[in-house]
Amino acid sequence: QVDVTAMAWLFSYVDVTDSGFIAAVLSIAFNPLFWNVVARWEHKTRALSQVFGSPRAACYCLGAVILMLNCVRSHCFTEAMKSQPKLEGLDCHWAYYSGLAILAVGTLFVISSFLALGFTGTFLGDYFGILMEAKVTSFPFSVLDNPMYWGSTAIYLGWSLV
């Protein structure tokens with residue numbers, strides 16, 4: 001026998017039928033799938049580089065599309081968070097300020113990663129043949145192996161708490 005009370009309790013705080021929730025889940029799943037498929041396709045075919053006239057122009061265009069998709073994902077996530085039931089225990093000052101602190105740390109990791117890697121380093125330039133001269137080992141890569149991913153995760157966790 002399986003006791004499903006904990007799962008039932010958890011699902012009382014998530015409305016999986018809400019269209020905003022579904023849009024958020026789909027955008028969260030779609031974004032990395034999209035950019036990985038497109039980047040691997042570019043690496044195999046060099047089709048985007050040919051269409052845009054150079055690997056750099058193609059990488060910048062893909063980066064712009066990724067940024068727009070991230071804006072859509074963030075909007076969908078925010079709307080889903082607004083429409084979902086709230087945990088009463090998290091409706092307090094400590095949760096709000098903890099969320100802001102986690103959000104700040106995540107933002108620090110994301111921005112410092114971007115500054116260390118540059119635009120093409122951040123937005124899949126290696127798939128376009130645009131390689132870094134050396135492995136980046138400065139902050140935040142000196143602290144974490146994947147600071148962009150950890151930072152993004154922290155941003156969404158912090159935003160959820162706020």
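The structure displayed is predicted, hence computed values, not measured ones. Nothing fancy with the numbering, it's 1 onward along the sequence.
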### Query
Between V110 and G151, which heavy-atom pair has the shortest distance, and what is it?
CG2-C, 3.6 Å
### Task
Please answer: with hydrophobic residues joined when any side-chain heavy atoms are less than 4.5 Å apart, are M68 and I66 in the same cluster?
yes
### Query
What distance do C61 atom SG and L48 atom CG have between them, rounded to the nearest 0.5 Å?
8.5 Å
### Message
Using the rule that Ile, Leu, Val, Met, Phe, Trp and Tyr join whenever any side-chain heavy atoms are under 4.5 Å apart, tell me whether L90 and M81 fall into a single cluster.
### Response
no
### Message
Set out, in order, the CA-CA distance, both residues' side-chain angles and the distance that settles side chain to side chain contact (heavy atoms under 4.5 Å, CB included) for V65 and L69, then state yes or no.
### Response
CA-CA 6 Å; V65 170; L69 287 172; 4.1 Å; yes
### Message
If you define the side chain from C-beta out and look only at heavy atoms, does anything of L103 sit under 4.5 Å from L161?
### Response
no
#### Entry: Side chain S152, main chain Y149, donor-acceptor under 3.5 Å
no
#### Entry: A57 to S54 - nearest heavy-atom pair and separation
N-OG, 3.0 Å
### Query
V38, I28: one ILVMFWY side-chain cluster at the under-4.5 Å cut-off?
yes
### Message
If I take atom CZ from residue R56 and atom OG1 from residue T120, how far apart are they, to the nearest 0.5 angstrom?
### Response
5.0 Å
### Message
Let's go through L62 and F123 carefully: what are the C-alpha distance in whole Å and the side-chain angles of both, what is the deciding distance for side chain to side chain contact (heavy atoms under 4.5 Å, CB included) to 0.1 Å, and is it a yes or a no?
### Response
CA-CA 8 Å; L62 178 60; F123 293 105; over 6 Å; no
### Task
Flag the pair S142 / T137 as yes when at least one side-chain heavy-atom distance between them is below 4.5 Å, and no otherwise.
no
#### Entry: Reported CG-to-CG distance for the pair L33 and L26, which is rounded to 0.5 angstrom
11.5 Å
### Query
Crowded around Y97 OH? As in, over 12 foreign heavy atoms under 6.0 Å?
no
### Query
Are L117 and L115 grouped together when hydrophobic residues (ILVMFWY) are joined by side-chain heavy atoms under 4.5 angstrom apart?
no
### Query
In Å and rounded to the nearest 0.5 Å, what is the NE2 to CD distance from H75 to E79?
4.5 Å
### Close side-chain approach of V16 and F21, heavy atoms under 4.5 Å
yes
### Query
Would W35 and Y127 count as a side chain to side chain contact (heavy atoms under 4.5 Å, CB included) if you check the C-alpha gap in whole Å, the side-chain angles of each, and the deciding distance to 0.1 Å?
CA-CA 11 Å; W35 73 60; Y127 287 90; over 6 Å; no
### Task
Would you check if F139 and F109 make a side-chain contact, meaning some heavy-atom pair closer than 4.5 Å?
yes
### Query
Between F77 and S160, what is the shortest heavy-atom contact and its length?
CZ-OG, 3.2 Å
### Task
Examine the side chains of R73 and Y156 and answer whether a donor and an acceptor come within less than 3.5 Å of each other.
yes
### Task
Verify the cluster assignment for I22 and V72: are they in a single hydrophobic cluster under the rule of side-chain heavy atoms below 4.5 Å apart?
no
### Query
Once you round to the nearest 0.5 Å, how far does CG of L124 lie from NE2 of H43?
12.0 Å
### Task
Could you tell me which non-hydrogen atom of S113 sits nearest to which non-hydrogen atom of P140, and how far apart they are?
OG-CG, 3.3 Å
### Query
Are the side chain of S83 and the backbone N or O of A80 linked by a donor-acceptor pair below 3.5 Å?
yes
### Query
Checking side chain to side chain contact (heavy atoms under 4.5 Å, CB included) for the pair C59/F52: CA distance, chi angles, key distance, verdict?
CA-CA 9 Å; C59 183; F52 288 99; over 6 Å; no
### Query
Under 4.5 Å between any side-chain heavy atoms of E42 and F128, yes or no?
yes
### Nearest heavy-atom neighbours spanning M148 and T122
CE-CG2, 3.6 Å
### Query
In terms of the angle between their ring planes, are F119 and Y60 parallel, tilted or perpendicular, with boundaries placed at 30° and 60°?
parallel
